[in-house]
K.L.:
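Let me begin by handing over the structure; questions about it come next.
In what follows, chains carry the letters A, B, and so on, assigned in the order in which the sequence lines appear, proteins first and then strands, with residues in each chain numbered from 1.
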2 protein chains.
Amino acid sequence: MGVNLKDIAQRAGVSLATVSNVVNGYRPVGERTRQRVQQAIDELGYSPNLGARHLRRGRTGLIALAIPELTNPYFAELAEIAISEAAALGYTLVMENTAADREAELALLDGSRQRIIDGLILSPVRVGREEVLARTAGSPLVLIGEGVYDVPHDHIAIDNVAASHAAIRHLVAIGRRRIAFIGATPGGDRQSAHLRVRGYREALAAAGLPYRPLLVARTDAFGRLDGMRAMRDLLALGDPPDAVFGYNDLVAIGALRALAEAGHRVPEDVAVVGIDDIEEGRFTAPTLTTIAPDKRVIGRLAVRRLVARIEGAEVAGPLTVQTPFRLLRRGSTGTPDA
Amino acid sequence: MGVNLKDIAQRAGVSLATVSNVVNGYRPVGERTRQRVQQAIDELGYSPNLGARHLRRGRTGLIALAIPELTNPYFAELAEIAISEAAALGYTLVMENTAADREAELALLDGSRQRIIDGLILSPVRVGREEVLARTAGSPLVLIGEGVYDVPHDHIAIDNVAASHAAIRHLVAIGRRRIAFIGATPGGDRQSAHLRVRGYREALAAAGLPYRPLLVARTDAFGRLDGMRAMRDLLALGDPPDAVFGYNDLVAIGALRALAEAGHRVPEDVAVVGIDDIEEGRFTAPTLTTIAPDKRVIGRLAVRRLVARIEGAEVAGPLTVQTPFRLLRRGSTGTPDA
DNA sequence: CATCACCTGTATAACGTTATAGAGCCGCGC
DNA sequence: GCGCGGCTCTATAACGTTATACAGGTGATG
């Protein structure tokens, strides 16, 4: 349908190859010829057929970002950053929703369904080291968030243990002693849940506080509803917590809801901290104290690493990169809003 | 790199064309041959090179969903539905972020950047009838949300006027008399803002209430922050409203925040209603009454229409489809949570 | 003046697929 | 026995691009 190289070549009175060289500068072209060709391109409105180009080049120009849920604002915010970074590098980013499903993650890893993409950024939830090592697809892979260790792939995430430390230290500093954690997982999945629990335990120990297993609430997923249910259970304990640290902001927001329903005051009765710094947390009542990962760094770095691997560049630096984070004190731990 | 048709053909001892026919059933193939080929495919693990296939077929198998912001949960929820519907129909959905930018919308319409996609689902914000009519790209286009009328394209949206009516009727029914609207726009963009204001005015008139221009707050965008600021302004009026209807849930949630900060009780002092039924609204304090569009219908219908047009099928029914909605009564208008 | 290197531009072979034209083969009916 | 239709399967020409090999011309150098 569209205008193609041949049309341009005819119009400009040169060969196909010359037009191609003008378009992507693979070989030098004389100034006069270049101008004639460029004029023809402008007049006819040529844009290359990417299918054909990529068939020839062996690459498609697409990269995929696979996340467990698009409706988690953290991932939506991350995706927005990754999309624009990919565009800046000349790639188109395709979103894949794994829905935290093991089969979906495996399918992506093996690339069976995905002969279209040049590389994959995956936020793994259900797959671990073995599955990643068993990966057959040859295209580059960058892991974000959850840790899958000792695999030959880039991995970008915050230091989950340190992040937990910071959250718990803050709660201790404002005088809390019975600090609960919401969002532990039963199985081996969700490495970061384990790491965050570990940071929680270590920080408690460092503060001289006892570790009470009853105060660590497991959840199946990590949405608002899960946080709400877990908080209800915690409130039903004979001796409920005076602070809660959620696996992420959504869980913490669910906890806020359960506390409001039960008539508890936040932060007076129970203080709440989350992780992710989603925009929503700046508008809850009270506003949510949170650990803010640097989403811009994570999103951009993931895309850049992936593109560098795709293009075969030597990538400096270690495979695993830990990105910075900050503690944002807000209403849910007693800091008045600005 | 991968296994291709030729490898399979050699392995099975048949011709290229036969393998192709086995793969996509264009021509009948004898049972014995089919089995030999199928076995070779399974053994070697063949999957077609989509670039080549699409070069030949003239289609890429990609469709784009262009929305003003990925971080608006309404669009994230819609996107999740559209992605899975597209996958079910054998297409891959690419997300495009227009960031409510006119240039970005125009670029998508003209398809200059987008020779990769077979069709486009666009939620227009800054472009209107003329721009859509001037579209040069030949690929099918489906519009969602905002209305751009009298153009030869499918358009899927709720009846904005009726939705506003329902919201205002509800507020009137619970005894409110000074009802404000947050989210009018100055320019001609955002048709739906105009329509929602129109429904607001009509419903006021039908209830015998006066229309007070001071109670219609303009905003530049439609996020939580915009809603919060607008609500602050409304509260500063000599005679503040006793109810607020937001352009969408985000705006309404911002209003909730401003009300909480100013010490007003919801719904006792001010009742609040939004549109979109994003999950977040079920967890605010109080929970948010909202007009719930049927996102599943919108997302699926948009994708199906688009795919039908791409594949050249005759599409029955009118171009413009209005999708159903429901009023969900929650805490912000005095209905206790279930 | 011959040789050589260089600089532009051209012709063409891929890339992996699908659709078209046609080649064998078999059995049936005249 | 011959022609014919139907059924499988094959050979091959696209699709639009890029990279390779090559051709023609020009200027510099010995």
Side-chain angles (χ1 to χ4, degrees), chain A residues 1-38 40-41 44-62 90 111 114-118 138-139 311-312, chain B residues 1-38 40-41 44-62 90 111 114-118 138-139 311-312:
Chain A
M1 37 164 179
V3 183
N4 59 18
L5 279 189
K6 204 161 79 184
D7 300 333
I8 303 294
Q10 278 178 0
R11 173 88 162 215
V14 296
S15 79
L16 258 175
T18 302
V19 181
S20 174
N21 283 332
V22 169
V23 172
N24 58 25
Y26 168 68
R27 279 274 200 101
V29 175
E31 189 49 33
R32 269 181 51 84
T33 328
R34 139 164 284 118
Q35 290 196 357
R36 256 210 338 278
V37 172
Q38 190 58 53
I41 288 177
L44 297 182
Y46 167 76
S47 72
N49 177 318
L50 296 182
R53 166 176 288 179
H54 296 318
L55 165 62
R56 184 60 233 248
R57 283 190 178 161
R59 294 203 224 115
T60 65
L62 297 182
Q114 289 297 79
R115 186 105 169 232
I116 1 177
I117 60 167
D118 293 339
S139 56
E311 297 179 350
Chain B
M1 39 163 175
V3 182
N4 59 17
L5 278 187
K6 203 161 81 181
D7 300 333
I8 303 294
Q10 279 178 359
R11 174 86 161 218
V14 295
S15 80
L16 260 175
T18 302
V19 180
S20 174
N21 284 330
V22 169
V23 172
N24 59 25
Y26 169 67
R27 280 276 199 99
V29 175
E31 190 47 34
R32 269 182 51 87
T33 327
R34 141 164 282 118
Q35 291 197 356
R36 257 212 334 279
V37 171
Q38 190 58 53
I41 289 176
L44 297 182
Y46 167 76
S47 72
N49 177 318
L50 296 183
R53 165 177 290 180
H54 296 318
L55 166 60
R56 185 58 234 246
R57 283 190 178 162
R59 295 203 224 116
T60 65
L62 297 182
Q114 291 295 80
R115 187 104 171 231
I116 1 175
I117 59 168
D118 293 339
S139 56
E311 297 179 350

K.L.:
Among C:dG16, D:dC9, C:dT10, which nucleotide has an atom closest to any side-chain atom of A:Leu55?
P.N.:
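Nearest nucleotide to the side chain: C:dG16.
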
K.L.:
Look at B:Tyr26 and C:dT20 and indicate whether a side-chain polar atom (N or O) is within less than 4.0 Å of OP1 or OP2.
P.N.:
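Yes, B:Tyr26 has a side-chain N/O under 4.0 Å of OP1/OP2 on C:dT20.
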
K.L.:
Ignoring the backbone of A:Asn24, work out which of C:dT18, D:dT12, D:dT18 is nearest its side chain.
P.N.:
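So the side chain of A:Asn24 is nearest to D:dT18.
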
K.L.:
Between A:Ser139 and A:Asp118, is there a side-chain donor-acceptor contact under 3.5 Å, judged purely by atom types and distance?
P.N.:
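Per modelled atom types, A:Asp118 and A:Ser139 side chains form no pair under 3.5 Å.
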
K.L.:
Ignoring the backbone of B:Arg53, work out which of D:dG16, C:dA11, C:dT18 is nearest its side chain.
P.N.:
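So the side chain of B:Arg53 is nearest to C:dT18.
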
K.L.:
Distance criterion of 3.5 Å, no angle test: do you see the side chain of A:Arg56 paired donor-to-acceptor with the base of C:dA14?
P.N.:
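Flag set: donor-acceptor pair detected.
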
K.L.:
Counting side-chain heavy atoms from C-beta on, which of C:dA13, C:dT17, D:dT10 comes nearest to B:Ala52?
P.N.:
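So the side chain of B:Ala52 is nearest to C:dT17.
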
K.L.:
Looking at every strand, decide which applies to A:Val23 at a 4.0 Å heavy-atom threshold: base, sugar-phosphate, or nothing.
P.N.:
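No contact.
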
K.L.:
B:Ser15 side chain: which of D:dT18, C:dA11, D:dA11 is closest?
P.N.:
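Of all the options, the side chain of B:Ser15 is nearest to D:dA11.
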
K.L.:
Which side-chain N or O atoms in residues 10-20 of chain B pair as donor and acceptor under 3.5 Å with protein atoms at least two apart or in another chain?
P.N.:
unit_1: B:Arg11; atom_1: NE; unit_2: B:Glu43; atom_2: OE1; d: 3.0
unit_1: B:Arg11; atom_1: NH2; unit_2: B:Glu43; atom_2: OE1; d: 2.3
unit_1: B:Ser15; atom_1: OG; unit_2: B:Ala17; atom_2: N; d: 3.4
unit_1: B:Ser15; atom_1: OG; unit_2: B:Thr18; atom_2: N; d: 3.3
unit_1: B:Ser15; atom_1: OG; unit_2: B:Thr18; atom_2: OG1; d: 3.2

K.L.:
Of the options D:dT17, D:dT10, C:dT18, whose atoms approach the side-chain atoms of B:Val14 most closely?
P.N.:
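Of the candidates, D:dT10 comes closest.
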
K.L.:
Closest heavy-atom contact between B:Val23 and B:Arg53?
P.N.:
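Looking at all heavy atoms of both residues, the closest pair is CG1-NH2, 3.8 Å.
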
K.L.:
Considering just the side-chain nitrogens and oxygens of B:Asn21, establish if one lies under 4.0 Å of OP1 or OP2 belonging to C:dT18.
P.N.:
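No, because none of the side-chain N or O atoms of B:Asn21 sits under 4.0 Å from OP1 or OP2 of C:dT18.
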
